[in-house]
2 protein chains.
Amino acid sequence: MTDDKTLILLIEDEPQMRRFLRVSLQSQGYRLIEAETGSDGLVQVASRQPAIILLDLGLPDIDGLEVTEKLREWTTTPIIVISAREQERDKVRALDAGADDYLTKPFGADELLARIRVSLRHRARQEAGQDTPVFQAGKLQVDFNKRQVLLDGEEIHLTPLEYRLLTTLIRHADKVVTHTHLLREVWGPRQANQVQYLRVYMAQLRQKLEDDPARPRFFINEPGIGYRFKSE
Amino acid sequence: MTDDKTLILLIEDEPQMRRFLRVSLQSQGYRLIEAETGSDGLVQVASRQPAIILLDLGLPDIDGLEVTEKLREWTTTPIIVISAREQERDKVRALDAGADDYLTKPFGADELLARIRVSLRHRARQEAGQDTPVFQAGKLQVDFNKRQVLLDGEEIHLTPLEYRLLTTLIRHADKVVTHTHLLREVWGPRQANQVQYLRVYMAQLRQKLEDDPARPRFFINEPGIGYRFKSE
DNA sequence: GAGTCTTTATGAAATCTTTATGCCCAGCCT
DNA sequence: AGGCTGGGCATAAAGATTTCATAAAGACTC
């Protein structure tokens, strides 16, 4: 950390839009890093850990929607989508994929800055109550920063959905989380009634993380309601 | 559980906009309450505790900006501003006053719904790390947020209907609740005269929660009328 | 082609509904 | 007084229905 200015990542291929944003943001004291492609963007999010991501939908390699989905597999960093697509359908898709805001080009710098401040507020509130980068329960350890799960010290590989389901449950540890809530958080609002997904993935998590999958210690079912992660 | 639908408060004076939103939101399964003035809105936020606030800026009494500021003095409930003012200056002011999003009229219902889902996601993440209201009576403890019942510190498993019956009784603690009222709240209006359901489930609750089920301390029958939960 | 996600199928488990039985108590009759 | 009767109740348990767990087959992706 050379300096403590708020770091913003811009994923955008048009040079003139980049120039415009560079000026606007730096004049407000933000530090800006840039990526011209989706895949470079994904790498930079992981390596630089920006406070906010500004994402153009029309990228040369990966579509912005996909970038959003990939990011949401492991991070909750605010994503503000910036796009020329003004169709309502595009907005809904992006927001449901996990974006936090959607601005249509052209837009004013002041509005963007205000929306950035909103996202920073959210992030601050979120971090306030999230003091454990590493979660532990019994012989199970989850490192949210490394996206790593250890059982008895040994690393267990989880697929993206398995990991998201696990972390969602852990965030609500010991609380019953309803089917719809889990599905909305992990699969998105469109899949909110695909209860069978949950059954399948719960079985997989138990298979991988329970001593005796048939007599679970962590992943408790509450019939007719949802599931609960039991931390003790 | 009178209703587990997400509660949304709409603060808006134009009747036709209210009608439009009422239809859109209710079709998605949200429960909507309405306020026509800013001052009424402020009261309702406090009394009904909605999950989200939809706020029109042009209200007859207080300006929406002021409403936002007043709310932000004590609550972080998401506020989505809905306004005809499309000036960038207005947006910036509202967002900086504490609003979480800003939609300019006219807007599509789908976009609003998507932005509501974004706000609900934020709220859920925020609430994940919070502590909860707990009801206590004797050695019985009910944690509404975890949906968990403890007796003498030990966890007692309740089925969905048992739990709803218990919480309904507790919500009216020490008051007699009539048969029909209980049946309506727990089983729905169609089963309002299936009194035998109550007998069966009362017996089960006593079995699980009373020291001596035959001589109940909590679950008191009021012959011919209904039941009463005795808190001491 | 390996890894992952979605879909389908099936038996098991949990829950809900219904039925059956006996209790207690009040009122009523002889 | 004693016994009969019926309403309201508690409880147990059988039947019906819903929900779950799991394996495994298809579909999709890189």
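Sequence lines set the chain letters: A, B, ... in the order given, protein chains first and strands last, and positions in each chain run from 1.
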Figure out the [atom1]/[atom2] separation between [X] and [N], and round it to whole Å.
X: A:Tyr201; N: D:dA23; atom1: OH; atom2: P; result: 15 Å
X: A:Glu69; N: D:dC30; atom1: CD; atom2: C1'; result: 15 Å
X: A:Glu66; N: D:dT29; atom1: CD; atom2: C1'; result: 10 Å
X: B:Leu198; N: C:dT17; atom1: CG; atom2: P; result: 11 Å
X: B:Phe219; N: D:dC9; atom1: CZ; atom2: P; result: 17 Å
X: A:Glu222; N: C:dA13; atom1: CD; atom2: P; result: 18 Å
X: A:Gln207; N: D:dA21; atom1: CD; atom2: P; result: 12 Å
X: B:Leu158; N: C:dA14; atom1: CG; atom2: P; result: 15 Å

N or O in side chain of [X] less than 4.0 angstrom from [N] OP1/OP2:
X: B:His157; N: C:dT15; result: yes
X: A:His179; N: D:dC20; result: yes
X: A:Tyr227; N: D:dT19; result: no
X: A:Trp187; N: C:dC5; result: no
X: B:Thr159; N: C:dA14; result: no
X: B:Tyr197; N: C:dT18; result: yes

- prompt: Nearest to the side chain of B:Arg199, which nucleotide is it out of D:dG8, C:dC16, D:dA21?
  reply: D:dG8
task: Please determine, for the side chain of A:Val195, which listed nucleotide (C:dT17, D:dC20, C:dT18) has the closest atom?
output: D:dC20
task: Classify the angle between the aromatic ring planes of B:His122 and A:His122 as parallel (below 30°), tilted (30 to 60°) or perpendicular (above 60°).
output: tilted
task: Examine distances only and state if a side-chain atom of A:Asp143 and a backbone atom of A:Asn145 form a donor-acceptor pair shorter than 3.5 Å.
output: yes
message: Do the side chains of A:Asp56 and A:Lys105 get close enough for a salt bridge, i.e. N-O under 4.0 angstrom?
response: yes
- prompt: For the atom pair CZ (B:Arg125) and OG1 (A:Thr168), what is the distance rounded to the nearest 0.5 Å?
  reply: 10.0 Å
task: Record whether the side chain of B:Gln196 comes under 3.5 Å of the base of D:dT11 through a donor-acceptor pair of N or O atoms.
output: yes
A:Phe218 six-ring centre to A:Arg206 NZ/CZ under 6.0 Å and within 45° of normal: no
query: Given that B:Lys208 and B:Val200 both sit by DNA chain C, which one's nearest nucleotide is further toward the 5' end?
result: B:Lys208
message: With nearest nucleotide decided by heavy atoms, which residue, A:Asn221 or B:Arg206, maps closer to the 5′ end of DNA chain D?
response: B:Arg206
